[in-house]
There are 2 protein chains.
Amino acid sequence: MKFCSHCGNPVSLRTPQGDHLPRFICEGCGAVHYQNPKLIVGCVPEHEGRILLCRRAIEPRLGFWTIPAGFMENGETTQDGARRESLEEAHAQVEIGSLLAVVHVLHADQVHVMFRASLPQASFGPSVESLEVQLYDEAEIPWQDIAFRSVDFALRRYFEDRRLGVEQHHFAALDLRKGEPA
Amino acid sequence: MKFCSHCGNPVSLRTPQGDHLPRFICEGCGAVHYQNPKLIVGCVPEHEGRILLCRRAIEPRLGFWTIPAGFMENGETTQDGARRESLEEAHAQVEIGSLLAVVHVLHADQVHVMFRASLPQASFGPSVESLEVQLYDEAEIPWQDIAFRSVDFALRRYFEDRRLGVEQHHFAALDLRKGEPA
């Protein structure tokens, strides 16, 4: 951020009185511009025991596999967003189920919220965002080619819970700034 | 948003090619500025069966009671944020527990994430943000003076679950744009 989105004057990074963190503050109108984490919402759609994955047609991680997921929009719930992303990325009409995972991706200032979902009809296909869309048995999941660590985490918890016959939710925090392997 | 935060030129609201919603787009550098929901994180701290509430010293809802909660910051988890807010607003050192509620506040483009928490020491006090901080028995909760509907929702689920001896999580959506009573 270099300029104020309210008045167009330059901003500087300093800590407002009474605050504890530096913020972008407008030199013109004095507006304080806070930066907050963004929500990514997605789901693990299951059809007759198999899981729907999408191969990414866009960066980052073009060519790698992921679940339907994307930035949450204003005016929708997390479940709405996960349903919308399934439709947009995979032309799949899913029914959102229980909360599966909340992954704090600290190096990207993102919170990934992922649900279980059912896919009643085996109807889906590629899109502008997905090169291909495919149902996978657990044994066939391309673990080496999963696009994101948060998705890897969610999928592993999904299958573990399914084996146990439970539907728990799982928290995790990832921080590549701390030198963890990508 | 009126000006581009990257280059300072005016923005206009239109739908980018391949997108499905209008976005703020810079007339100068072409940057697309997405607007996404913000996360509010908080907790219900319990000490020997009683609940910690704060009376708000700031708008909105100055003078009304709430749980420690506030905007999530970059670089922290939702649990970190709830812990930090308890310290800032109530000088209370809490231990964050299980997920209690996720409330989509659609008219404010916010997602409120609230946890159970324990307050091991009965040590707390007012702050710049809280006129007073007090422990309440369930029977004494000032229900008529609770600041926000999301907090009312979380507190009611908290006590219901406690009575049942369970720790479930609860989703809700509030939308004052639909003419629901405030």
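Below, read A as the first sequence line, B as the second, and so on, with proteins coming before strands; counting in each chain starts at 1. Being a predicted model, the structure only gives us computed values, none of them experimental.
- Using a 4.5 Å cut-off between heavy atoms, A:E88 contacts chain B through its side chain alone, with no backbone atom that close.
- The heavy-atom pair separating B:G125 from B:H91 by the smallest distance is O-CD2, 3.6 Å.
- Listed in order of number, the residues of residues 9-29 of chain A that approach chain B to under 4.5 Å between heavy atoms are A:H20, A:L21, A:R23.
- Looking only at atom types and distance, the side chain of B:Q35 has no donor-acceptor partner in the side chain of A:N74 under 3.5 Å away.
- Proximity to chain B is absent for every atom of A:V128, based on heavy atoms less than 4.5 angstrom apart.
- Closest heavy-atom contact between A:I51 and A:E46: CD1-CB, 3.9 Å.
- Side-chain atoms of A:D80 and B:H104 include no donor-acceptor pair closer than 3.5 Å.
- Atom CD of A:Q93 sits in a sparse spot, with 12 or fewer heavy atoms from other residues, nucleotides or ligands closer than 6.0 Å.
- Geometric assessment of A:R157 against the ring of A:F153 yields a positive cation-pi assignment under the 6.0 Å and 45° thresholds.
- For A:T78, the parts lying under 4.5 angstrom from a heavy atom of chain B are both the backbone and the side chain.
- Residue pairs meeting the side chain to side chain donor-acceptor pair (under 3.5 Å) criterion with at least one partner in residues 119-131 of chain B, sequence neighbours excluded, do not occur; the list is empty.
- Ranked by non-hydrogen atom pairs under 4.5 Å with chain B, the options A:K2, A:E73, A:K38 are led by A:E73.
- Checked by atom type and distance alone, the side chain of B:R116 pairs as donor or acceptor with a backbone atom of B:L99 at under 3.5 Å.
- Most heavy-atom pairs under 4.5 Å with chain A: of the set B:L106, B:V102, B:N36, this distinction falls to B:N36.
- With contacts defined as side-chain heavy-atom distances shorter than 4.5 Å, the pair B:W65/B:I141 does not qualify.
- A:H169 touches chain B through its side chain: at least one heavy atom from C-beta onward sits under 4.5 Å away, while N, CA, C and O do not.
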